[in-house]
Protein chains: 2
Amino acid sequence: MKGMSRTQGDRVEARARKSGEAAESLRAEEELAREAWAPLFELIQEQMRQFPVLAAEFELSPVQAHALRMLGYEPQPMSALAGHLSCDASNVTGLVDRLEGRGLVERRNAEHDRRVKLLCLTEAGQEVRRRLMERMAEPPAAISALSSAELRMLRDVMRRAVEKLGAPGGKPD
Amino acid sequence: MKGMSRTQGDRVEARARKSGEAAESLRAEEELAREAWAPLFELIQEQMRQFPVLAAEFELSPVQAHALRMLGYEPQPMSALAGHLSCDASNVTGLVDRLEGRGLVERRNAEHDRRVKLLCLTEAGQEVRRRLMERMAEPPAAISALSSAELRMLRDVMRRAVEKLGAPGGKPD
DNA sequence: TATTGTTATACTCTATAACTATA
DNA sequence: TATAGTTATAGAGTATAACAATA
């Protein structure tokens with residue numbers, strides 16, 4: 001079912017360009033994107049599986065780890081954190097309660113709007129976050145086993161990819 | 001507390017004694033791997049954030065989607081699914097209860113060991129899984145916006161990377 | 001005795017809806 | 001009236017421990 005070698009896709013594309021068949025070339029490129037995405041997705045699935053374990057190294061749930069990561073910049077309202085986590089604002093109350101209970105986060109009143117509470121990391125929170133980020137920056141074995149040339153290509157291509165990711169809907173807040 | 005990074009230091013030092021250039025080259029390659037990993041990790045975080053939305057398109061929780069994906073091959077015991085999901089076996093009972101309640105999965109008794117229950121997808125389950133897998137195969141905008149040359153490089157490098165991922169601890173079951 | 005799956009319990013994450021205090 | 005955050009409630013995911021049936 002899937003044994004077809006796809007290096008021949010290159011030839012198809014070249015032929016399509018020459019004969020001006022844009023539609024065929026487009027399909028070939030879509031197929032190419034799928035082929036590139038497939039192994040990437042496998043790695044992502046593996047990382048999704050491992051992330052709870054990584055967070056647990058710091059006695060954090062996956063969501064707590066994600067939240068800590070997002071709170072590393074300037075103080076932000078609860079609602080902003082809810083946006084980052086793609087969850088309802090009501091959940092952030094309990095989440096922040098627990099982080100605050102552990103002394104990692106503080107609620108501060110915003111002076112421009114007394115409804116708003118700004119979330120800041122405590123010193124302890126900053127320290128945990130620093131170690132967490134350092135740990136997350138460690139590449140998995142699958143990546144670090146690549147050659148220097150492969151790593152350079154991967155880095156350059158992925159940097160271009162995530163540039164495009166930041167562009168369309170992305171307000172960094 | 002004082003001997004914390006001793007083993008690592010010893011390795012670096014030993015290499016440095018052999019050849020200072022080799023140690024420096026090693027650090028450079030580690031740094032390169034980190035640089036390649038960083039944008040990859042950003043994409044992974046974004047996909048982790050989006051996965052619940054994708055699963056919800058099929059009225060599945062993230063874990064249910066993951067389980068359905070894992071049950072696409074031959075019938076397997078509950079314990080195997082627990083392994084795939086990296087969770088305790090006790091959780092699989094409720095998870096399978098819900099999937100079975102929706103008619104997507106069946107429990108079957110294994111004849112070789114009457115303690116074991118084998119999980120199989122129903123026809124409805126196979127259909128949902130097929131559509132789910134098709135949806136997951138769609139590359140995100142950040143990837144499909146890359147050029148053909150970039151896609152080819154990405155595909156080839158990532159294929160080599162996940163080959164190495166399958167090798168070390170990987171029993172596919 | 002050891003293992004497979006279940007049940008009981010507790011905690012976290014998540015959504016919806018109703019509420020408060022501001023604006 | 002609308003918005004930011006809270007509370008109440010319900011369902012799902014997760015771990016631990018105790019248990020039944022089977023090996």
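All chains are named by letter (A, B, ...) in the order of the sequence lines, taking the proteins before the strands, and each is independently numbered beginning at 1.
The CG atom of B:N109 sits 15 Å away from the C1' atom of D:dA23 (whole-angstrom rounding). Distance B:H112 NE2 to D:dA23 P: 10 Å, rounded to the nearest Å. In this structure, B:N91 places its CG atom 12 Å from C1' of C:dT12, rounding to the nearest Å. Note: NE2 (B:H66) to C1' (D:dT14) measures 15 Å, nearest angstrom. Put simply, CD on B:E100 is 13 Å from C1' on C:dG5, counting in whole angstrom units. Nucleotide D:dA12 holds its P atom 11 Å from the CG atom of B:D97, rounded to whole Å.
For B:R114 and D:dT22, a side-chain-to-base donor-acceptor distance below 3.5 Å is absent, hydrogens and geometry of angles not being considered.
Here the nucleotide nearest the side chain of B:D88, chosen from C:dG5, D:dA15, D:dG13, is D:dA15. Minimum atom distance to the side chain of A:S90 is reached by C:dT16, of the listed C:dT14, C:dT16, D:dA17. Nearest nucleotide to the side chain of A:M78, out of D:dG5, C:dT7, C:dT14: D:dG5. For A:Q64, whose side chain is taken as the heavy atoms from C-beta onward, the closest listed nucleotide among C:dC13, D:dG13, D:dG5 is C:dC13. Counting only heavy atoms from C-beta on, A:R98 has its side chain closest to C:dT12 among D:dA12, C:dT12, D:dT14.
Ranked by how close their nearest DNA chain D nucleotide is to the 5' end, B:G94 and A:T93 are led by A:T93. The nearest heavy atom of DNA chain C to A:D113 and to A:L95 marks one nucleotide each, and the one closer to the 5' end goes with A:L95.
Contacts of A:S79 with the nucleic acid, taken as non-hydrogen atoms under 4.0 Å apart, involve only primed sugar atoms and P, OP1 or OP2. B:P77 comes within contact range of the sugar-phosphate backbone alone, with a heavy-atom separation under 4.0 Å but no base atom that close.
For the pair B:R129 and B:Y73, the cation-pi criterion (under 6.0 Å, within 45° of the ring axis) is fulfilled.
A sub-4.0 Å separation between OP1 or OP2 of D:dA20 and a side-chain N or O of B:R115 is absent. An OP1 or OP2 oxygen of D:dG13 is reached within less than 4.0 angstrom by a side-chain nitrogen or oxygen of B:S61.
The existence of a salt bridge linking B:E134 and B:R131 is excluded, since no basic side-chain nitrogen approaches an acidic carboxylate oxygen closer than 4.0 Å.
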Could you go through the side chain to side chain contact (heavy atoms under 4.5 Å, CB included) check for B:E57 and B:R135 one step at a time?
CA-CA 10 Å; B:E57 292 175 19; B:R135 177 69 181 80; 2.9 Å; yes
Would you please test A:E29 and B:S148 for side-chain hydrogen bond (donor to acceptor under 3.5 Å, both in side chains) and show each step?
CA-CA 6 Å; A:E29 192 152 335; B:S148 293; 3.2 Å; yes
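Distance alone, capped at 3.5 Å, places no donor-acceptor pair between the A:E106 side chain and the A:L121 backbone.
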